[in-house]
Asks: 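Here it is, the structure, as structure tokens.
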Amino acid sequence: MTRTLASTPAADGFRMPGEFEPHAGCWMLWPERPDNWREAARPAQLAFAQVATAIARFEPVTVGASSAHYAAARALLPEQVRVLEMAHDDAWMRDVGPTCVVNDRGVVRGVDWHFNAWGGLNGGLYFPWDQDDLVARKVLETECLERYRAPMVNEGGAIHVDGEGTALVTEECLLNPNRNPRFERADIERHLREYLGVTQILWLGKGVVDDETGGHIDDLACFVRPGVVCLTWTDRRRDPQYARSLDALERLQDARDARGRRVRVVRLPMPGPLRMRAHEAAGIIPREGSRPRLAGERLAATYVNFYIANGGIVMPLLDARTDAAAAARLKRLFPGRRVVGVPSREILLGGGNIHCITQQIPAGTRSRSPSAR
């Protein structure tokens, strides 16, 4: 049984590493909900299998599937991908899985945030979400990693860090009263410092237009390495995303990270705008308590939602007009990694993308704490 710790990561000398630091592996969940994924989730399952296969070229991958879908997941996923039975409400491992932290001796532990389906009963995307709120603990139990239970609602897609004391977040998401209505900005900052081991928090404003998670940072911007941020960008001034990205650019240009550096911003062109097609919406079975998906609605399409693997970048392919330019930019940003594109419109139709469905476990000289064995 994994021990739950009463202290905080910062007090114990732990920090959240950057995603570009070495991984022990990656976790995912299997898409199953017919009210979120069209055609009984079969197209999404094929897309998730492609993502898992791509990441498995670089690092170990584990996929959690419900007992009813275990056999199908095992059949669709390659042999080297581990498949485990794991109950869950939907497939967004970034948000429901653990946020891992490390110390200077290489010990890895996990932060288990409270999860309320991106807003609870005030704008959340589905009900119930109780099985999702158990996923992080199950992952930590499986990995034999000690656990911190954070005293706030948060999701992994709402935070990016540089591994050197700087966190990147948005006001739209973390200050939304449907997450932590009793917390002020100062309370949020205090908990981020305590549970991520950061000292500087860079607040951006709004996230990507029509991001149903409420402005997650991982659609808008991410750290490429310390001191360098990749930002979703459009030159179309009439696009509502232009003002949001421009505001983020200006805030980043004025910012200093935890080590006093100016932040270099690299713009990554966004696809689209992309919208849900009528036949795609028709394949979804509505259910009370879940967010309806309608033909014509704008999709929160962005190339920033990529996954950094050991030696690789797994990026979404979304729009033939912009895929190549985005891939070329990422190759320049990550010269030591191989950029692999995976068609991911089916993931986007469900409300997220490749970064949203993955969660890394950092590498460590002792990735499993002896007291947890």
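Not measured: the values here are computed from a predicted model.
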Asks: Can you give me the closest heavy-atom contact between Pro240 and Val209, atom names plus distance?
Replies: C-CG2, 3.7 Å
Asks: Answer yes or no: does atom CZ of Arg251 have more than 12 heavy-atom neighbours from other residues, nucleotides or ligands under 6.0 Å?
Replies: yes
Asks: Say you draw a straight line from CG of Leu76 to NE2 of His69; how long is it, rounded to the nearest 0.5 Å?
Replies: 11.5 Å
Asks: So does Leu318 get a backbone contact from the side chain of Asp323, meaning a donor-acceptor N/O pair under 3.5 Å?
Replies: yes
Asks: Is there a salt bridge (Lys or Arg N to Asp or Glu O under 4.0 Å) between Arg275 and Asp210 once you walk through the steps?
Replies: CA-CA 11 Å; Arg275 299 186 180 278; Asp210 292 336; 5.6 Å; no
Asks: Do you know which two heavy atoms are closest between Asp12 and Ser7, and how far apart they sit?
Replies: OD2-OG, 2.5 Å
Asks: I'd like to know if the side chain of Thr142 and the backbone of Lys138 have a donor-acceptor N/O pair within less than 3.5 Å.
Replies: yes
Asks: Enumerate the residue pairs fulfilling salt bridge (Lys or Arg N to Asp or Glu O under 4.0 Å) with a member in residues 326-337, sequence neighbours excluded, ordered by first and then second residue.
Replies: none
Asks: Can Arg264 and Asp257 be counted as an ion pair, charged N to O under 4.0 angstrom?
Replies: no
Asks: Indicate whether any N or O donor in one side chain lies under 3.5 Å from an N or O acceptor in the other, for Thr4 and Arg147.
Replies: yes
Asks: Taking atom CZ as the centre, does Arg236 end up with more than 12 heavy-atom neighbours from other residues, nucleotides or ligands that are less than 6.0 angstrom away?
Replies: yes
Asks: Could you give me the CA-CA distance, side-chain angles and deciding distance for Phe48 and Ile357, then say whether side chain to side chain contact (heavy atoms under 4.5 Å, CB included) is met?
Replies: CA-CA 8 Å; Phe48 275 56; Ile357 65 172; 3.4 Å; yes
Asks: Any side-chain donor-acceptor pair under 3.5 Å between Glu143 and Trp27?
Replies: yes
Asks: Apply side chain to side chain contact (heavy atoms under 4.5 Å, CB included) to residues Met276 and Leu299 and explain how you reach the verdict.
Replies: CA-CA 7 Å; Met276 180 167 285; Leu299 305 171; 4.3 Å; yes
Asks: Looking only at heavy atoms, which two atoms of Leu252 and Val263 are closest? And how far apart?
Replies: O-CB, 3.8 Å
Asks: Side chain of His114, backbone of Ala150: donor and acceptor closer than 3.5 Å?
Replies: yes
Asks: Side chain to side chain contact (heavy atoms under 4.5 Å, CB included) for Leu202 and Thr166? Distances and angles first, verdict last.
Replies: CA-CA 7 Å; Leu202 305 184; Thr166 312; 3.7 Å; yes
Asks: Could you check whether any side-chain N or O of Glu194 sits under 3.5 Å from a backbone N or O of Thr8, counting only pairs where one atom can act as donor and the other as acceptor?
Replies: no
Asks: For the pair Ser344 (side chain) and Ile354 (backbone), establish whether a donor and an acceptor sit closer than 3.5 Å, ignoring hydrogens and angles.
Replies: no
Asks: State, to 0.1 Å, how close Cys144 and Thr2 come at their nearest heavy-atom pair, and which atoms those are.
Replies: CA-OG1, 4.2 Å
Asks: I'd like to know if the side chain of Asn36 pairs up with that of Arg293 as donor and acceptor (distance under 3.5 Å, no hydrogens or angles considered).
Replies: yes
Asks: Would Phe58 and Arg338 count as a side chain to side chain contact (heavy atoms under 4.5 Å, CB included) here? Give the steps.
Replies: CA-CA 9 Å; Phe58 304 103; Arg338 182 173 181 183; 4.2 Å; yes
Asks: I'd like to check Phe306 versus Leu330 (side-chain heavy atoms, cut-off strictly below 4.5 Å). Are they in contact?
Replies: yes
Asks: Tell me, yes or no, whether the heavy-atom count around Arg262 atom CZ, taken from other residues, nucleotides or ligands under 6.0 Å, exceeds 12.
Replies: no
Asks: In terms of side-chain heavy atoms, does Tyr303 have a donor or acceptor partner in Thr322 at a distance below 3.5 Å?
Replies: yes
Asks: Given the rule that I, L, V, M, F, W and Y join up when any side-chain heavy atoms are under 4.5 Å apart, are Met315 and Met270 in one cluster?
Replies: no
Asks: Backbone N or O of Val111 within a donor-acceptor pair of the Thr99 side chain at under 3.5 Å?
Replies: no
Asks: Between Pro31 and Gln45, what is the shortest heavy-atom contact and its length?
Replies: O-NE2, 3.0 Å
Asks: Atom CE of Met93 and atom CG of Leu29: how far apart are they, to the nearest 0.5 Å?
Replies: 3.5 Å
Asks: Looking only at side-chain N and O atoms, does Ser66 offer a donor or acceptor that is under 3.5 Å from a partner on Glu32?
Replies: yes
Asks: For the residue pair Trp129 and Phe127, categorise the inter-ring angle as parallel (less than 30°), tilted (30 to 60°) or perpendicular (more than 60°).
Replies: perpendicular
Asks: Identify all side-chain donor-acceptor contacts of residues 17-26 below 3.5 Å with residues at least two apart in sequence or on another chain.
Replies:
residue	atom	partner	partner atom	Å
Glu19	OE1	His355	NE2	2.6
Glu19	OE2	Ile308	N	2.9
Glu21	OE1	Arg15	NH2	3.0
Glu21	OE2	Arg15	NH1	3.0
Glu21	OE2	Gly18	N	2.9
His23	ND1	Glu59	OE1	3.1
His23	ND1	Glu59	OE2	3.1
His23	ND1	Tyr307	OH	3.1
His23	NE2	Glu19	O	2.7
His23	NE2	Glu21	O	3.4

Asks: Do you reckon Val169 sits in the same ILVMFWY cluster as Leu196, going by side-chain contacts under 4.5 Å, direct or chained?
Replies: yes
Asks: For Thr302 and Thr232, which I'm curious about, is there any donor-acceptor pair between the side chains at under 3.5 Å?
Replies: yes
Asks: Say whether, by atom type as modelled, one donor and one acceptor occur between the side chain of Asp211 and the main chain of His216 under 3.5 angstrom.
Replies: yes
Asks: What distance separates Ile188 CD1 from Ile201 CD1, expressed to the nearest 0.5 Å?
Replies: 9.5 Å
Asks: Give a yes or no on whether Tyr242 and Leu274 share a hydrophobic cluster (residues Ile, Leu, Val, Met, Phe, Trp, Tyr; joining criterion: side-chain heavy atoms under 4.5 Å apart).
Replies: yes
Asks: Using a strict cut-off of less than 4.0 Å between a Lys/Arg side-chain nitrogen and an Asp/Glu carboxylate oxygen, indicate whether Glu297 and Arg291 qualify as a salt bridge.
Replies: yes
Asks: Could you check whether the rings of Trp118 and Tyr126 sit parallel, tilted or perpendicular, using 30° and 60° as the cut-offs?
Replies: perpendicular
Asks: Would the distance check show the side chain of Glu164 and the main-chain N or O of Arg259 forming a donor-acceptor pair, the cut-off being under 3.5 Å?
Replies: no
Asks: Do we see a donor-acceptor contact under 3.5 Å between the side chains of Trp92 and Glu155?
Replies: no
Asks: Does a side-chain heavy-atom distance below 4.5 Å link Cys100 with Pro362?
Replies: yes
Asks: If hydrophobic clusters are built by linking Ile, Leu, Val, Met, Phe, Trp and Tyr wherever their side-chain heavy atoms come under 4.5 Å apart, do Val339 and Leu333 end up in the same one?
Replies: yes
Asks: Do Arg94 and Gln360 get their side chains close enough for a donor-acceptor pair, meaning under 3.5 Å?
Replies: yes
Asks: Would you call Asp247 and Leu249 a side-chain contact if the rule is heavy atoms closer than 4.5 Å?
Replies: no
Asks: Using a strict threshold of under 4.0 Å (side-chain N to carboxylate O), is an ion pair present between Arg277 and Glu280?
Replies: yes
Asks: Are any side-chain N or O atoms of Asn116 and backbone N or O atoms of Gly119, one a donor and one an acceptor, separated by less than 3.5 Å?
Replies: yes
Asks: What distance do Leu294 atom CG and Ile284 atom CD1 have between them, rounded to the nearest 0.5 Å?
Replies: 9.0 Å
Asks: Specify the closest pair of heavy atoms between Ala363 and Val102, including all atoms of both residues, with the distance to one decimal.
Replies: O-CG1, 4.4 Å
Asks: Does Trp203 belong to the same Ile/Leu/Val/Met/Phe/Trp/Tyr cluster as Leu168, with side-chain heavy atoms less than 4.5 Å apart forming each link?
Replies: no
Asks: How long is the straight-line distance from OG1 of Thr213 back to CG of Asp219, given to the nearest 0.5 Å?
Replies: 6.0 Å
Asks: Any donor and acceptor pair, going by atom type alone, linking the side chain of Asp132 with main-chain N or O of Val96 inside 3.5 Å?
Replies: no
Asks: Kindly compute the distance separating CG (Leu174) from CG (Asp187), expressed to the nearest 0.5 Å.
Replies: 12.5 Å
